Amino acid sequence: ETGVTQTPRHLVMGMTNKKSLKCEQHLGHNAMYWYKQSAKKPLELMFVYNFKEQTENNSVPSRFSPECPNSSHLFLHLHTLQPEDSALYLCASSTSGGLVEQYFGPGTRLTVT
Amino acid sequence: GDSVTQMEGPVTLSEEAFLTINCTYTATGYPSLFWYVQYPGEGLQLLLKATKADDKGSNKGFEATYRKETTSFHLEKGSVQVSDSAVYFCALSARQEAGTALIFGKGTTLSVSS
């Protein structure tokens, strides 16, 4: 399944670094999502973009900054992260209607040291 | 608010055993329901879905029926294989608005031994 790709797959960064996660979807969808998956916690929605416009920010700290330049690409810019931000970051996409399934990328495993 | 509750794991089975993972939901209106599977080191893959009451979703030998009267969407498989070992997530989408995020259960880990 290569409909949604994410790079890098693994990332180790220090607390003072700045890095970016990239997501690209090849499914012709118009909605894109960032989720955070931490050990022993439910999947957490972070951001939603619909037709490049941010429609939901789930009280995410400002050290996470999303960017959606077009309907196929989604970025998550990271700066001044904390060790508790270590997690698997998942990108997903869907058609823009409601009540529909989402398609996920393989995730970026982030470790903050 | 809308929510999904699924049985706590881990579920440990022998190969060829029958599998049931329970999922119940709370939602206003008529949600769409999904099961996703996550293999180690990978993202979530859509396993099956159902969009209205009494619909049965099925894929790869897995089945789940949308039961509105019991607000349930239990996942079943008649004969599990070692390769089915993974984490299974029940999810719903309850809003018609564009770009609506899914609401997930906490996940159930399935471990199948030969």
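Just so we're on the same page: letters track the sequence lines, and every chain starts at 1. This one's a predicted model, so the numbers in the text were calculated from it and none came from an experiment.
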Would A/Phe75 and A/Trp34 show up in the same hydrophobic cluster when neighbours are defined by side-chain heavy atoms closer than 4.5 Å?
no
Can you tell me if NZ on B/Lys52 sees more than 12 non-hydrogen neighbours from other groups inside 6.0 Å?
no
Heavy atoms of other groups near B/Glu8 CD, more than 12 under 6.0 Å:
no
Answer with side chain, backbone, both or neither: which region of A/Gln6 has an atom nearer than 4.5 Å to a non-hydrogen atom of chain B?
neither
Okay, A/Arg9 and chain B: the region with an atom under 4.5 Å from a heavy atom over there is side chain
How about B/Leu48 and A/Glu101: do any of their side-chain heavy atoms sit closer than 4.5 Å?
no
Before you tell me yes or no, could you show the steps for B/Gln38 and A/Leu88 under side-chain contact (heavy atoms from CB on, under 4.5 Å), namely the whole-Å CA-CA distance, both residues' side-chain angles and the distance that decides it to 0.1 Å?
CA-CA 12 Å; B/Gln38 185 176 32; A/Leu88 182 67; 3.7 Å; yes
Over all atoms of both residues, closest heavy-atom pair of A/Leu99 and B/Pro31
CD2-CA, 4.3 Å
Go through the atoms of B/Leu46 and report whether side chain, backbone, both or neither lie under 4.5 Å from a heavy atom of chain A.
side chain
Quick one: does B/Leu44's side chain get under 4.5 Å of A/Leu43's, heavy atoms only?
yes
Heavy-atom check, side chain of A/Lys41 versus side chain of B/Lys106, under 4.5 Å:
no
Is it possible for you to say whether A/Val12 and A/Leu81 belong to one hydrophobic cluster, with membership spreading through side-chain heavy-atom contacts below 4.5 Å?
no
Where is the tightest heavy-atom contact between A/Val100 and B/Ser93, given as atom of each residue plus distance?
N-OG, 3.9 Å
Kindly say whether A/Tyr103 contributes a backbone atom to a donor-acceptor pair with the side chain of B/Tyr36 at under 3.5 angstrom?
no
Report yes if some heavy atom in the side chain of A/Pro106 is under 4.5 Å from a heavy atom in the side chain of B/Glu42; otherwise report no.
no
Do other residues, nucleotides or ligands put more than 12 heavy atoms under 6.0 Å from B/Glu16 CD?
no
Could you give the distance from CZ (B/Phe104) to CD (A/Gln102), rounded to the nearest 0.5 Å?
6.0 Å
